[in-house]
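Let me begin by presenting the structure, written as structure tokens, before commenting on it.
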Amino acid sequence: MTGAPANGRPFGDDISPALSCDPRKRTLFGSDTYFLESLEQLGTLTADVDGFLHRHAALLLKPDAVVSRQIPTTVDWLARGGFRIVATERTRLTRTAVRALWYFQWNLATPQRRRLADMFMDSCDALVLVVRPEADESEAPPASVVVTERKGPTDPLARVPGQLRYEIGRYSYLLNLVHTPDEPADVARELGIHFDTALRERVYASALAGDDQSARALELAEQLHTEVPERDLTFEPAAERLKRAVREAEESLAPGAVRDELRAARLAAWDQDGYRRLMEAIWRAGLPLDAWDVVIVGTHVLPMKRMGLGPVLDGVSVPDWQRHMARLAVR
């Protein structure tokens, strides 16, 4: 059992070190309802819970991946990388779900980042893919760790050819299109966030069956494409549309401080500081502008990360897991 509050009673379960190389994460997840529900349910379906979570990874294709039509590219990238899609379902990234998914990292998120995320995350359904390697190598690091490393970093400038985020679009820090759980414990927890009991059982059962579900993933992507229009997520066109929309809004406003501030900010919007000023003026005026254009511009020019802080739980790397597996092997 994990933890020992003042009364001496533990507040959570002991979590297998096969699920995380981070002792702090194992302590926190030992009392996390999303993780516990998901893990308990998986345990009713297979006796090899640790092995299942070691062999499987998950990808979340967010609404920015839907509107930019990059789900088929992701399906192709996975196949070329030797990963089979074994389960897939739609999910909705509500305000609550977003904060649950990034609960241990969003202590770093600025107010602007949270506001922008809320503007697009719940704009349409997202797609969850559960994958496993075609080659089952017993000594390999967890599939989730490998997929996360190959996915590429959040910073668009740090991505390199071959990484998924490089292939599907280097737009901005927040518009990164795809998220992956860092390691096995995170896979269980995030499936616990995305799906209720019945749907999660279907996901686990499909993954345990192991059949190729890439055709279903493409079918679900096509459904999503019929529901929401395609969008160009590049900065320059969005910035021009945003300034044009502000100019039109100015004409409908009565003379005064609000209109004057909007006009001054629009005319100054030629560099990052100018666009930041424009974004702040738009929000102060409460203009009902196109949400995607606001998000695209805002994610380029507004601060995304609170400085001087570390995340409650940080990411892990393949070398981290290789060292962890070596330590477990000699126990």
Side-chain angles (χ1 to χ4, degrees), residues 62-68 70 93 95 98-99 101-102 105-124 151-160 163 165-166 168-179 228-253 257-311:
K62 302 182 294 153
D64 40 340
V66 175
V67 300
S68 61
Q70 292 302 315
L93 297 178
R95 181 181 184 277
V98 167
R99 281 153 181 78
L101 283 169
W102 288 282
Q105 293 78 34
W106 261 29
N107 61 305
L108 302 183
T110 61
Q112 296 93 330
R113 179 178 173 184
R114 294 193 299 268
R115 183 170 182 173
L116 290 168
D118 287 341
M119 292 181 70
F120 80 93
M121 287 288 200
D122 195 14
S123 62
C124 69
K151 171 197 65 183
T154 304
D155 182 357
L157 299 178
R159 300 170 197 166
V160 298
Q163 293 175 337
R165 281 178 169 165
Y166 185 94
I168 61 179
R170 291 166 287 161
Y171 297 111
S172 65
Y173 187 91
L174 189 58
L175 294 177
N176 52 46
L177 281 67
V178 61
H179 164 74
V228 292
E230 185 173 2
R231 296 296 303 243
D232 177 5
L233 301 182
T234 52
F235 174 79
E236 289 79 8
E240 289 305 313
R241 289 193 299 269
L242 192 66
K243 288 195 288 186
R244 187 163 56 248
V246 170
R247 185 174 64 248
E248 292 170 357
E250 291 168 25
E251 296 172 358
S252 65
L253 293 174
V258 172
R259 190 172 74 172
D260 291 346
E261 182 189 18
L262 283 169
R263 183 175 186 278
R266 175 175 57 81
L267 294 175
W270 297 106
D271 58 13
Q272 182 165 338
D273 288 340
Y275 277 109
R276 184 177 301 179
R277 179 181 169 188
L278 178 61
M279 286 293 305
E280 292 167 351
I282 289 169
W283 279 344
R284 276 193 292 270
L287 295 184
L289 304 182
D290 181 88
W292 278 109
D293 286 342
V294 172
V295 168
I296 293 165
V297 174
T299 58
H300 274 82
V301 304
L302 295 174
M304 296 287 106
K305 189 174 181 180
R306 296 171 65 202
M307 296 294 105
L309 297 174

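Worth saying up front: this structure is predicted, and the values here are computed from it rather than measured.
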Say whether, by atom type as modelled, one donor and one acceptor occur between the side chain of [X] and the main chain of [Y] under 3.5 angstrom.
{"X": "R276", "Y": "V301", "result": "yes"}
{"X": "T299", "Y": "S172", "result": "no"}
{"X": "R170", "Y": "L157", "result": "no"}
{"X": "R113", "Y": "L174", "result": "no"}
{"X": "R165", "Y": "P156", "result": "no"}

The criterion is side-chain hydrogen bond (donor to acceptor under 3.5 Å, both in side chains); which residues satisfy it with [X], sequence neighbours excluded?
{"X": "R99", "result": "D118"}
{"X": "D290", "result": "R231"}
{"X": "R284", "result": "E261"}
{"X": "R241", "result": "D293"}

>> Can you list everything that forms a side-chain contact (heavy atoms from CB on, under 4.5 Å) with W283? Sequence neighbours excluded, please.
In response: Q112, R115, L116, M119, M279, V294, L302
> Sequence neighbours excluded, which residues qualify as ring-ring contact (aromatic ring centres under 6.0 Å, His included) partners of F235?
Replying inline: Y275, H300
> I168 and L177: which non-hydrogen atoms are nearest, and at how many Å?
Replying inline: O-CD2, 3.5 Å
